[in-house]
Amino acid sequence: MTSSFNVNDATGYEQLMGRWSQKLAPLFIDFAGVTDGERILDVGCGTGSLTFALAKAADFGEIAAIDYSPVFVAEAIRRNMDPRIKIRQADACALPFEGGTFDRALALLVLHFVPETGKAVAEMRRVVRPGGVVAAAVWDHLGGMPGMRMMVDTVAALSESGRQLRARYCFQPMMQPGEMKRSFVEQGLVDVEETQLMIRMDYQNFDDYWTPIAAGEGPLGKYVATLDAAERARTDAAVRDAYEAGRPDGPRSFANVAWACRGIAP
């Protein structure tokens, strides 16, 4: 299994995370660096948040985008109107490209869902030319996503299965300080740098926050889908109470931090 991310519907994913990855993409592109005429690979393109932001950032020769999920690939192809962009289904741990094909290989909000993360980084290094750039960003689930911690901490207080969810969610691959940088170095990349990128997630109300999770999207939604009717009702009420925090339902805003790392292929 190349990805542990749970996706049912592209529209649900957009409400859960796609709209936020669109906000993060320009910050990540600035960090990764881009130049006119380059050939770029987007590893784990999802519905195209980074892919389509790249197309606006520079005059690229080619953008190749891959994802493991057929749901994501179909949606990204449907949205694509740029002949420079080629989208296909593929495995991040076995990229279907010759070595040295690209100037940059980028992965936005992907590596923490790849069980064999080191293999994915090695593949990204393999397909870039000498002097090419490998860059990735992942959410800091433990310390940088208070809106999602609000949910996992709430369910952890309700049950042992909730505590198990929190342990899994907070310690996915590449999320600890320096962890991604160490992996880049171990895979032979040089001049490796790590930084933090921050956006805000703004919700109109509790339903805007909860609907995609309640529908089973992503790792938190996958957990909710396992609950029986009584536990589901209890969880819905408890998370709503945490969101509202003693005030009427309405807009809420959460700062969210991602770890970002880049290195050079020797």
Kindly indicate whether the side chain of Arg234, heavy atoms from C-beta on, has any atom under 4.5 Å from the side chain of Leu158.
-> yes
Spacing of CG belonging to Asp91 relative to CD1 belonging to Ile66, to within rounding of 0.5 Å | 7.5 Å
Cys261 and Val192: side-chain contact (heavy atoms from CB on, under 4.5 Å), yes or no, with the steps?
-> CA-CA 7 Å; Cys261 193; Val192 178; 3.5 Å; yes
Would you please classify the geometry between the Trp210 ring and the Phe206 ring as parallel, tilted or perpendicular, with 30° and 60° separating the classes?
-> parallel
Minimum side-chain heavy-atom gap Val138-Met180 below 4.5 Å = yes
Asn205 side-chain N/O to Pro251 backbone N/O, donor-acceptor pair under 3.5 Å | no
Any side-chain heavy-atom pair from Leu189 and Ile264 closer than 4.5 angstrom?
-> no
Distance, nearest 0.5 Å, that separates CD of Glu179 from CZ of Phe171 | 10.5 Å
Could you go through the side-chain contact (heavy atoms from CB on, under 4.5 Å) check for Tyr223 and Val152 one step at a time?
-> CA-CA 10 Å; Tyr223 168 80; Val152 296; over 6 Å; no
Checking Arg262 against Phe31: charged group under 6.0 Å from the ring centre and within 45 degrees of the axis?
-> yes
Nearest atoms (heavy-atom pairs only) where Ser49 meets Ala25 = O-CB, 4.0 Å
Side chains of Val43 and Met124 in contact at under 4.5 Å (non-hydrogen atoms) | yes
Group every Ile, Leu, Val, Met, Phe, Trp and Tyr by side-chain heavy-atom contacts under 4.5 Å, then state whether Met145 and Leu27 land in the same group.
-> yes
Answer whether the closest heavy-atom distance between the side chains of Leu41 and Val127 falls below 4.5 Å.
-> yes
Indicate if Trp259 and Trp20 have the same hydrophobic cluster label, given that clusters are the connected sets of ILVMFWY residues with side-chain heavy-atom separations under 4.5 angstrom.
-> no
Going from CZ on Arg104 to CD1 on Ile63, what distance comes out if it is rounded to the nearest 0.5 angstrom?
-> 12.5 Å
So with a 6.0 Å cut-off around CD of Glu160, is the heavy-atom count from everything else above 12?
-> yes
Before accepting this row, confirm whether a basic side-chain N of the pair Asp59/Arg84 lies closer than 4.0 Å to the acidic partner's carboxylate O.
-> yes
For side-chain contact (heavy atoms from CB on, under 4.5 Å), just list the numbers for Thr101 and Arg39, CA-CA rounded to whole Å, side-chain angles, deciding distance to a tenth of an Å, and then say yes or no.
-> CA-CA 8 Å; Thr101 298; Arg39 301 183 72 190; 3.6 Å; yes
Looking at Arg232 and Asp228, does any basic side-chain N land under 4.0 Å from a carboxylate oxygen?
-> no
In short, Pro248 meets Arg252 closest at the heavy-atom pair O-NH2, 2.9 Å
Residues Glu244, Arg240: salt bridge by 4.0 Å N-O rule = yes
Kindly assign one of parallel, tilted or perpendicular to the pair Tyr243 and Phe254, based on the angle between their ring planes and the thresholds 30° and 60°.
-> tilted
Gap between atom CZ of Arg88 and atom SG of Cys45 - 0.5 Å precision = 12.0 Å
Under a 4.0 Å N-O cut-off, is there an ion pair linking Lys119 with Glu123?
-> no
Do Val155 and Val224 share a hydrophobic cluster (ILVMFWY, side-chain heavy atoms under 4.5 Å, transitive)?
-> yes
Which is it for Thr235 and Leu227 under the side-chain contact (heavy atoms from CB on, under 4.5 Å) test, yes or no, and what are the steps along the way?
-> CA-CA 9 Å; Thr235 298; Leu227 302 176; 3.5 Å; yes
Taking all atoms of both residues into account, what is the closest heavy-atom pair of Met150 and Thr154, and its distance?
-> O-OG1, 2.6 Å
Minimal heavy-atom distance between Met201 and Met17, with the atoms involved, is CE-SD, 4.0 Å
In Å and rounded to the nearest 0.5 Å, what is the NZ to CZ distance from Lys23 to Arg200?
-> 8.5 Å
Shared hydrophobic cluster, Phe184 / Val133 (ILVMFWY, side-chain heavy atoms < 4.5 Å) | no
Determine, step by step, whether Glu75 and Arg79 satisfy the salt bridge (Lys or Arg N to Asp or Glu O under 4.0 Å) criterion, reporting the C-alpha distance in whole Å, the side-chain angles of both residues, the deciding distance to 0.1 Å, and the verdict.
-> CA-CA 6 Å; Glu75 180 64 12; Arg79 295 181 179 188; 2.8 Å; yes
Check whether any side-chain heavy atom of Tyr209 lies under 4.5 Å from a side-chain heavy atom of Val239, and answer yes or no.
-> yes
Are the charged groups of Asp208 and Arg19 less than 4.0 angstrom apart, N to O?
-> yes
Which distance, rounded to the nearest 0.5 Å, do you find between the CD of Gln22 and the CG of Leu50?
-> 11.0 Å
Can Tyr203 and Ser253 be counted as having a side-chain donor-acceptor contact under 3.5 angstrom?
-> no
Between Phe28 and the options Leu109, Leu197, Leu54, the side chain to side chain contact (heavy atoms under 4.5 Å, CB included) test singles out Leu197
Write down the atom of Cys170, the atom of Gln176, and the distance for their closest heavy-atom approach.
-> O-NE2, 3.6 Å
Where is the tightest heavy-atom contact between Thr51 and Ala65, given as atom of each residue plus distance?
-> OG1-CB, 3.7 Å
Are any non-hydrogen side-chain atoms of Asp249 and Gln204 less than 4.5 angstrom apart?
-> no
Is it true that Met175 and Met151 fall in one hydrophobic cluster, defined by side-chain heavy atoms closer than 4.5 Å?
-> no
Is Trp139 close to Leu24 at the side-chain level, that is, under 4.5 Å between some pair of heavy atoms?
-> yes
Does Lys86 come within less than 4.0 Å of Glu62, counting only side-chain N to carboxylate O?
-> no
